[in-house]
There are 2 protein chains.
Amino acid sequence: MPTERSRLLEDLIVSAHRLTRVAAQLTGSTTPAAVWRTLSILTTDGSLRVGDLARASRVTQPTMTKLVQHLAEEELVYRIADVDDSRAWLIAITPKGTTALENWRRELAEALSPVFADLTDDESTILEKAVAILQVHTSTTRKAA
Amino acid sequence: MPTERSRLLEDLIVSAHRLTRVAAQLTGSTTPAAVWRTLSILTTDGSLRVGDLARASRVTQPTMTKLVQHLAEEELVYRIADVDDSRAWLIAITPKGTTALENWRRELAEALSPVFADLTDDESTILEKAVAILQVHTSTTRKAA
DNA sequence: AAACCTATATAGCCATACTATGTAAATCAG
DNA sequence: CTGATTTACATAGTATGGCTATATAGGTTT
């Protein structure tokens, strides 16, 4: 285990977490991270079962059950009975949920914009590439689509 | 506000938050993020007042007060009366806290190692540069040292 | 001296996260 | 087919991190 790699992973997480706190304070935490994280996954991955959604969001199933209940009350998601398994539900995002997610993403970008206002094109490119690497390695798709 | 920049910031946060959840589950969340985030700041920035520590950690002062109480009980930090202001405390990390932070960082790196095992040298470099950019832009040092 | 600002502690509330458990459907083995 | 096992989701309980509001008291300014 190379020390350099270890150090990179440590620093990566520290930075990631600081960034999430910066974002939380700048946006006033008006929309909880768990909400938009879940809506985001539903947008990119399509409708998912509660358990699969929990795995994709990296929380336990009971946590996701409660979150889905809340999201359904807010009409941000809806439930579809899974025809393949009568125990299961598919959870899908509503148009209202899609709009809410878009609004949140815009609000987030606006709040963070001043922080990263001085990014050079090179720096932007580096961050874009880093995001791509992270997306691949924290992919929410765990099985063949 | 360029759409491309906006999209980058959105994706950056989404990725950051996913990464923190991946880390939380892989490490079993044995040490709360708020703890190591605070210890990390004390390590890099030296002893700080409660309010300053709160600002650096991006939480409110009462939140930090409680966290410091907990950390002090665990003997991970200690308090120093601020000679410049009798209302204030300086919070400093203990050797035990330093050890705990190092252990946590090692544990984190080990847990994340398999996730990023296939990183190429180029990708590592990109992530290192990205971390550097993020560190500059989420700096905890808000005033001249 | 009074007004105002600042530093920290306490109180109360909410949401996210976990583990444990329960109910019921689906699958597997004999 | 039956029983055992696994799986999917809901409920219950707990801990904690985060917030806002407020209180106490020291420090600074007018």
Side-chain angles (χ1 to χ4, degrees), chain A residues 17-18 20-41 47-74 76-91 104 142-143, chain B residues 17-18 20-39 41 47-74 76-91 142-143:
Chain A
H17 209 273
R18 279 189 185 174
T20 60
R21 286 307 308 161
V22 168
Q25 282 210 330
L26 286 181
T27 57
S29 300
T30 51
T31 305
V35 168
W36 56 257
R37 194 176 67 228
T38 301
L39 294 180
S40 183
I41 288 164
S47 59
L48 290 171
R49 289 184 176 181
V50 173
D52 290 334
L53 189 52
R55 272 186 288 276
S57 196
R58 264 72 168 200
V59 297
T60 59
Q61 171 263 310
T63 300
M64 184 52 71
T65 294
K66 283 192 177 168
L67 183 54
V68 164
Q69 284 173 354
H70 169 71
L71 290 175
E73 284 164 11
E74 305 285 334
L76 301 180
V77 303
Y78 65 100
R79 293 162 180 262
I80 311 164
D82 191 332
V83 294
D84 293 330
D85 188 334
S86 66
R87 303 167 300 179
W89 296 97
L90 286 179
I91 308 297
W104 174 82
R142 289 295 190 88
K143 55 185 190 284
Chain B
H17 209 273
R18 279 189 186 175
T20 60
R21 286 306 309 158
V22 168
Q25 283 211 330
L26 287 182
T27 57
S29 300
T30 51
T31 305
V35 168
W36 57 256
R37 194 175 67 229
T38 301
L39 294 181
I41 288 164
S47 58
L48 290 172
R49 289 183 177 181
V50 172
D52 291 334
L53 190 51
R55 271 184 290 274
S57 197
R58 266 70 168 199
V59 296
T60 59
Q61 168 262 313
T63 300
M64 184 51 71
T65 294
K66 283 190 177 171
L67 183 56
V68 165
Q69 283 172 358
H70 170 72
L71 291 175
E73 285 165 14
E74 305 283 334
L76 301 181
V77 302
Y78 64 101
R79 295 161 178 264
I80 312 165
D82 191 333
V83 295
D84 293 330
D85 187 335
S86 66
R87 302 167 304 180
W89 298 95
L90 285 179
I91 308 299
R142 291 293 191 88
K143 56 184 191 285

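Labels below follow one simple rule: chain letters A, B, ... track the order of the sequence lines, proteins then strands, and each chain is numbered from 1.
Between B/R79 and B/R21, the residue anchored nearer the 5' end of DNA chain C, judged by the nucleotide with its closest heavy atom, is B/R79.
Remark: of the listed residues A/D52, A/L48, A/I91, A/L48 is the sole one forming a side chain to side chain contact (heavy atoms under 4.5 Å, CB included) with A/I41. Checking A/L39, A/L53, A/L67 one by one against A/V77, the side chain to side chain contact (heavy atoms under 4.5 Å, CB included) holds for a single residue, A/L39.
For the pair A/L90 CG and D/dA8 C1', the computed distance is 12 Å after rounding to whole Å. Across the protein-nucleic acid pair, A/L71 atom CG and D/dC9 atom C1' stand 16 Å apart, rounded to whole Å. As a whole-Å value, the separation of B/W89 CH2 from D/dG27 P is 14 Å. Here the C1' atom of nucleotide D/dG18 and the CD atom of A/Q25 are 10 Å apart, to the nearest Å. One interatomic measurement links the two molecules: CG of A/L48 to P of D/dA8, which rounds to 13 Å at whole-angstrom precision. Following rounding to the nearest Å, B/L39 (CG) and D/dG17 (C1') show an atom-to-atom distance of 15 Å. Here C/dA25 presents its P atom at 15 Å from CZ of A/R49, a figure rounded to the nearest Å. In this entry the distance linking CZ of A/R55 with P of C/dC18 reads 13 Å, nearest Å.
With a 4.5 Å cut-off on side-chain heavy atoms, A/R49 and A/D82 count as touching.
Judged as a side-chain hydrogen bond (donor to acceptor under 3.5 Å, both in side chains), the pairs with a partner in residues 62-71 of chain B (not counting sequence neighbours) are, in order, B/T60-B/T63, B/Q61-B/T65.
Using a 4.0 Å heavy-atom distance criterion, A/T60 is classed as a base contact. Within 4.0 Å (heavy atoms only), B/D82 reaches no atom of the nucleic acid at all.
Side-chain nitrogen and oxygen atoms of A/S86 include at least one within less than 4.0 Å of the OP1 or OP2 phosphate oxygen of C/dA26. Applying the 4.0 Å criterion to OP1 and OP2 of D/dG18, one finds that B/R37 has a side-chain N or O inside that range.
Residue-to-nucleotide contacts include a donor-acceptor pair under 3.5 Å from the side chain of A/R87 to the base of C/dA25.
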**OP:** Please report the C-alpha distance between B/T38 and B/M64 in whole Å, then the side-chain angles of each, then the deciding distance to 0.1 Å, and finally whether the side-chain contact (heavy atoms from CB on, under 4.5 Å) criterion is met.
**Re:** CA-CA 9 Å; B/T38 301; B/M64 184 51 71; 3.7 Å; yes

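When every heavy atom of A/R21 is checked against every heavy atom of B/R58, the shortest pair comes out as NH2-O, 2.6 Å.
Applying the salt bridge (charged side-chain N to carboxylate O under 4.0 Å, His left out) test to B/R87 and every residue at least two apart in sequence or in another chain returns B/D85.
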Close N or O pairs between protein and nucleotides 10-15 of chain C (under 3.5 Å):
from   : atom 1 : to    : atom 2 : distance (Å)
C/dT10 : OP2    : B/Q69 : NE2    : 2.9

